[in-house]
Protein chains: 2
Amino acid sequence: MATTLITNIGELVTNDPAREGVLGAIADGALVLEGALVAWVGAAADAPDADERIDLGGRAVLPGFVDSHSHLVFAGDRAPEFAARMAGESYAAGGIRTTVAATRAASDEQLTSQVARLVAEMRRQGTTTVEIKSGYGLTVLDEARSLAVARQFTEETTFLGAHVVPDGTTPEAYVDLVTGPMLAAAAPYARWVDVFCERGAFDGDQARAVLAAGASVGLRGRLHANQLGPGPGVRLAAELGLTAVDHCTYLEPADVDALRDSGTIATLLPGVEFSTRQPYPDARRLLDAGVRVALASDCNPGSCFTRSLPFCIALAVREMGMTPAAAVPAATAMGAAALDRSDVGGLVPGMRADLVVLDAPSHVHLAYRPGVPLVAGVWVAGRPM
Amino acid sequence: MATTLITNIGELVTNDPAREGVLGAIADGALVLEGALVAWVGAAADAPDADERIDLGGRAVLPGFVDSHSHLVFAGDRAPEFAARMAGESYAAGGIRTTVAATRAASDEQLTSQVARLVAEMRRQGTTTVEIKSGYGLTVLDEARSLAVARQFTEETTFLGAHVVPDGTTPEAYVDLVTGPMLAAAAPYARWVDVFCERGAFDGDQARAVLAAGASVGLRGRLHANQLGPGPGVRLAAELGLTAVDHCTYLEPADVDALRDSGTIATLLPGVEFSTRQPYPDARRLLDAGVRVALASDCNPGSCFTRSLPFCIALAVREMGMTPAAAVPAATAMGAAALDRSDVGGLVPGMRADLVVLDAPSHVHLAYRPGVPLVAGVWVAGRPM
């Protein structure tokens, strides 16, 4: 198979735990790709020959970003709602209903074209693996087709029928629908099952029921929890040994202890707090307690319509007490771990050759130059995009 | 002269005070360019014929951004200092000295190439007019050559010899140098004179002396003031009737009254507060008091290495109580007013045809989709870049 040597890399972030530092960074590094995989990583001076040779002129290379939380299957524009909120209205989860109506009214082709556009935009900013949830259909048909659309773009699809209780039904009846016919229709297209466990959405018992039903058909669990206030979600995630629990803004000491003890990853979504003027989660407290922390975009039309992980990294540094050297692995290696993926999130021989070239000499510039599009190149499975 | 009709504009922001609303926005608008100027603005249905016709498919068009405060003439990389600050060290103005040493050591060609790169990046994000300051030379020769470099890229050049007192001299001796031989060498390349009036830099009397000396050779005054604490700078700016005073974070009631009464524009630079973890200035307080507010980047290697006005707009909305409809004119029309320019900052017949096309249907998306590069096209003086 053809090999490519990428050399003259100012800083090569590997996330390899066998190397020094949390980033496993190599100054003046090189890597060799063979087909879709990383074949060799090391100092440029030691690099082997290859069929093709690319000189990056001192630019930094990072593993492609892994965005483990997004809601891309939707229709409609909620910019006016955003402008109203910024003029003083408070965040209302009910806003989801406007997207539900638009999503149900959209054709499969419209939804597919919207997801394609957003995935392409994400990729231009360095996201090479993305999780995509349903959750704006909320009928058997619309949840299944949302996931069928998502599945065209990623293996990491998540059934979020339990996003909000739609109009015209009761919570009890809706949970029966979600755990029964909706799950049956959605499961063929999903890897994960997720619940918005929050006051005004689904309580701990309902979340437990949805996750158990999902598990019974082979779906792995995730949770939205403790975003708007304290609640049972984070401890439930830890008790069930879920891979990750997302948001984690309002945590009691017992929540932090439970995350540390279970190893469940806390996925923080600072774009949401930016776009809703809510308090940010405290990443520093979690890291200091030994909890594993990931960063994701939560890209959605209501509470956070960014899709830029560089922007989320800059926010994590400004607002959540993370250093750039902590934030970059959170958006790469930890994002991959939050999806239970060992083939992406790092640049180590045998892993998929997903990588980002920055128009900058180091990862620090992602936070040092906020809002500046620094991604100069993106490779997926060994091929430049 | 050849005319171009740009039509099918989802939202056309004109900043025309003769139109309704602070944005003077037209839904489903069109504009005609003739040579370098705007020739006609109105509803697409009423548009006249033109030699060429461009259909924007519902995208929004804004006046090009006017960045009235930047420090682009420098050399060296302060990313490690940024990372250290984010790990807990506090902001030290002394950090400027590392840039001064690197700038003095750089050749004219290196400085020119750095400014060219930054101006090109700014333009890609929609900035069509930029002010550039000296201030990292701090010798007669290095200030003059910094301004000569800047003048290759903009008419809006500012002599900021009074940025910080360099090592090896006294404040008194340095002010004598700035107001004497340094001013004489710099003046041919500068339109403006500026002083960093702040504890640890230059006091009110020194600022007054520098501005008076500048005025005596035809340079108009600007000030950095009240960034790190209360001080005399804002009231001095108002007393002297300066066009604009920049930073304005720490304001006493008398400062706000003085700005309102003088009409001096308060130019806020929220990228600095983002990158230094300082409190943000209160734009809402100023707007409510009737003070005119502009937004600029303050792009510099120490306290703020963003150069994105879309990012600054998003910050102004999140952190400073501005609506998107207030933040967009602050980064366009008010930026132009802060440079005393009537030919840019709006899209009105007779003005220069500098415009930004967004890959979005309205200006709200600049804040609604933070960190996402939304600028799909930029025109300067009637020509697409």
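In this text the structure is predicted, and so the values were computed from the model without any measurement. First the proteins, then the strands, lettered A, B, ... as listed; each starts at 1.
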Q: Calculate, to the nearest 0.5 Å, the distance between atoms CG and CZ belonging to Asp359(A) and Arg117(B) respectively.
A: 6.5 Å
Q: Report yes or no: does Arg318(B) contribute a side-chain atom to a donor-acceptor pair with the main-chain N or O of Glu273(A) at less than 3.5 Å?
A: yes
Q. Side chain, backbone, both or neither: which part of Met322(B) has a heavy atom under 4.5 Å from chain A?
A. backbone
(Q) To the closest 0.5 Å, what do you measure between CZ (Arg369(A)) and CZ (Phe305(B))? (A) 4.5 Å
Q | Contact origin within Pro310(B) toward chain A - heavy atom pairs under 4.5 Å | A | neither
Q.
Need one label for Phe311(B): side chain, backbone, both or neither, based on atoms under 4.5 Å from any heavy atom in chain A.
A. side chain
Q) Where do Leu315(A) and Phe274(B) land on the side-chain contact (heavy atoms from CB on, under 4.5 Å) test, with the steps shown first? A) CA-CA 9 Å; Leu315(A) 282 183; Phe274(B) 187 89; 3.8 Å; yes
Q. At a heavy-atom separation under 4.5 Å, does Pro301(B) approach chain A through its side chain, its backbone, both, or neither?
A. both
Q.
Within this structure, what is the CD-CZ distance for the pair Glu319(A) and Arg277(B), rounded to the nearest 0.5 Å?
A. 8.5 Å
Q | Region of Leu309(A) in contact with chain B, defined by heavy-atom distances below 4.5 Å | A | neither
Q: Report the option among Met122(B), Arg284(B), Met86(B) that has the most heavy-atom pairs separated by less than 4.5 Å from atoms of chain A.
A: Met86(B)
**Q.** Under 4.5 Å from any heavy atom of chain A - which part of Ala360(B)
**A.** neither
Q.
Any non-hydrogen side-chain atom of Gln125(A) less than 4.5 Å from a side-chain atom of Pro373(B)?
A. yes
Q: With a 4.5 angstrom heavy-atom cut-off, could you sort out which part of Ala367(B) is near chain A: side chain, backbone, both or neither?
A: both
**Q.** Ser308(B) (side chain) donor-acceptor with Val372(A) (main chain) under 3.5 angstrom
**A.** no
Q) Side chains of Pro80(B) and Val364(A): closer than 4.5 Å at any heavy-atom pair? A) no
Q) Which word best sums up how the rings of Tyr368(B) and Phe82(A) line up, parallel for under 30°, tilted for 30 to 60°, or perpendicular for over 60°? A) tilted
